[in-house]
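I have placed the structure first, in the form of structure tokens, so that the comments after it can refer back to it.
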Amino acid sequence: MTATGKYRRHSFISPTRGIIAAATGGMALVLPLIGAGFASAAPAQAATAAKASAPASSVVGQVSARNAAPTTHSVIAGDTLSGIARKYSVEGGWQKLYEGNREVIGGNPALIVPGLKLVVAGAGSGASTAVPAASGAPAAAVTAAPVVYTNNLDGWIRESLSVMARHGIPGSYDGIHRNILRESSGNPRAVNNWDSNAVAGTPSKGLLQIIDPTFRAYHVPGTALDSYDPVANITAACNYAAAKYGSIDNVFGAY
């Protein structure tokens, strides 16, 4: 970017102040005071040159240092590690988040209680913070921001569909949404404690009410090993429905 300086209006020096007259025999010797109006030009030019020559990398470094600061998340009811990792775009997902907070969470990553303070390291900003280079310098490559899904029912379904597409699992947004509303009303912590599965000791859990043995059998790599995790629950249930019914879209009742 071309630097823009401030313009200063030069003072007009009166000829009566700029000369020294010595009257001798009716003749005057005129001595103009040349250079009096230019005394401050050199320091101003030097300051401008020093500012223009400052390396842009120092500014970029300061921005990067601010963005690298870890974030603290206070756990609330309904939170899961994978949901928190998605919210902050943590590189390495919930596993990385768990590694950095193992002493706080304990041995079970699926059990986080409200009030815990988790340090979220490696969180993405979701936007570029690059500082424009000086005019004439090559522009730095801009890395595309990762897709960030909202931490709600719409975001969970869309993220599940993305995972399903990578693994060739059929299903549509409408088919998943319709079955979730019937099975759990959109509550990722829903548990059925009264049907035959519950009596057998394996209650149905989560958004699509899947029992743990089925969840483990149809778990899809890349999702959390937690049947309450919204994305993992949806994806495993859709994988099971695809194997038994051809697609979650073909399910209109208990399955």
Side-chain angles (χ1 to χ4, degrees), residues 76-90 92-98 108-112 126 144-255:
I76 61 175
D79 270 351
T80 63
L81 287 183
S82 59
I84 297 170
R86 287 194 302 274
K87 178 179 178 180
Y88 294 97
S89 301
V90 175
W94 71 268
Q95 295 91 338
K96 185 68 175 180
L97 182 61
Y98 177 56
N108 185 0
L111 182 61
I112 57 174
V147 177
V148 178
Y149 298 96
T150 55
N151 190 29
N152 55 24
L153 183 57
D154 178 74
W156 301 331
I157 294 175
R158 294 186 187 281
E159 186 172 354
S160 296
L161 286 169
S162 176
V163 177
M164 290 163 59
R166 294 197 298 270
H167 290 272
I169 302 171
S172 69
Y173 184 102
D174 290 342
I176 295 172
H177 188 267
R178 167 171 48 80
N179 281 285
I180 285 176
L181 293 185
R182 186 192 66 252
E183 293 291 331
S184 67
S185 298
N187 178 10
R189 307 296 295 182
V191 181
N192 184 323
N193 289 313
W194 56 267
D195 68 2
S196 58
N197 287 320
V199 173
T202 55
S204 303
K205 301 177 180 178
L207 289 174
L208 281 172
Q209 292 292 281
I210 188 170
I211 62 176
D212 283 340
T214 303
F215 174 81
R216 290 191 293 268
Y218 290 91
H219 172 260
V220 177
T223 61
L225 287 169
D226 175 9
S227 58
Y228 285 112
D229 179 82
V231 174
N233 185 282
I234 293 173
T235 311
C238 287
N239 194 24
Y240 164 73
K244 188 170 183 179
Y245 304 100
S247 171
I248 190 70
D249 294 343
N250 298 328
V251 177
F252 291 90
Y255 65 112

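- Contact check for Phe252 versus Arg178: side-chain heavy atoms found under the 4.5 Å cut-off.
- Between Tyr245 and Tyr240, the ring planes are perpendicular. Angles over 60° get that label, and only those under 30° would be called parallel.
- With rounding to the nearest 0.5 angstrom, the CD1 atom of Ile248 is 4.5 Å from the CG atom of Asn179.
- Defined by atom type and a distance below 3.5 Å, a donor-acceptor pair is present between the side-chain atoms of Asp249 and Ser172.
- Under the 4.5 Å side-chain criterion, counting only non-hydrogen atoms from C-beta, Tyr255 is not in contact with Lys244.
- Under the 4.5 Å side-chain criterion, counting only non-hydrogen atoms from C-beta, Met164 is in contact with Ile176.
- Looking only at distances, a side-chain donor or acceptor of Asn239 sits under 3.5 Å from a matching main-chain atom of Tyr218.
- Looking at every heavy atom in both residues, Ala232 comes nearest to Ala224 through CB-O, 3.2 Å.
- In this structure, Thr80 contributes its side chain and Gly83 its backbone to a donor-acceptor pair below 3.5 Å.
- Using a 3.5 Å distance cut-off with no hydrogens or angles, the side chains of Trp156 and Asn151 do pair a donor with an acceptor.
- Interatomic distance, NZ of Lys87 versus CG of Leu97, reported as 12.0 Å (0.5 Å rounding).
- Residues Val199 and Trp194 share a closest heavy-atom pair of CG2-O, 4.4 Å.
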Open item on the list: Checking Ser185 against Asn187 for the side chain to side chain donor-acceptor pair (under 3.5 Å) test, could you report, in this order, the C-alpha distance in whole Å, the side-chain angles of both residues, the deciding distance, and whether it holds?
Closed with: CA-CA 6 Å; Ser185 298; Asn187 178 10; over 6 Å; no
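- A donor-acceptor contact under 3.5 angstrom links the side chains of Ser162 and Arg166, judged on distance only.
- Residue Val148 comes nearest to Ser89 through the heavy atom pair CG2-OG, 3.2 Å, listed as atom of the first residue, atom of the second, then distance.
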TODO: Report the C-alpha distance between Lys205 and Ile211 in whole Å, list the side-chain angles of each, state the deciding distance to 0.1 Å, and finish with yes or no for side chain to side chain contact (heavy atoms under 4.5 Å, CB included).
DONE: CA-CA 6 Å; Lys205 301 177 180 178; Ile211 62 176; over 6 Å; no
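- The side-chain heavy atoms of Thr202 and Asp212, taken from C-beta on, include no pair separated by under 4.5 Å.
- A donor-acceptor contact closer than 3.5 angstrom is absent between the side chains of Asn233 and Ser227.
- Side chain of Thr223 to backbone of Val220: a donor-acceptor contact under 3.5 angstrom is found.
- Looking at Val231 and Arg86, their side chains come closer than 4.5 Å, going by heavy atoms from C-beta outward.
- With Glu159 contributing its side chain and Pro230 its backbone, the two residues share no donor-acceptor pair below 3.5 Å.
- Contact check for Ile157 versus His177: side-chain heavy atoms found under the 4.5 Å cut-off.
- The shortest heavy-atom contact between Leu208 and Cys238 is CD1-SG, 4.5 Å.
- Asp195 places a side-chain heavy atom less than 4.5 Å from the side chain of Ser204.
- Using a 4.5 Å heavy-atom threshold, the side chains of Ile84 and Trp94 count as separate.
- Of all the heavy atoms in Ala85 and Gly93, the pair that sits closest is CB-C, 3.6 Å.
- For the pair Arg182 (side chain) and Gly253 (backbone), a donor-acceptor distance under 3.5 Å is present.
- Looking only at atom types and distance, the side chain of Asp154 has no donor-acceptor partner in the side chain of Tyr149 under 3.5 Å away.
- Interatomic distance, CD1 of Ile180 versus CD1 of Ile234, reported as 4.0 Å (0.5 Å rounding).
- Taking every heavy atom of both residues into account, Ala242 and Ile169 meet most closely at CB-CG2, 4.4 Å.
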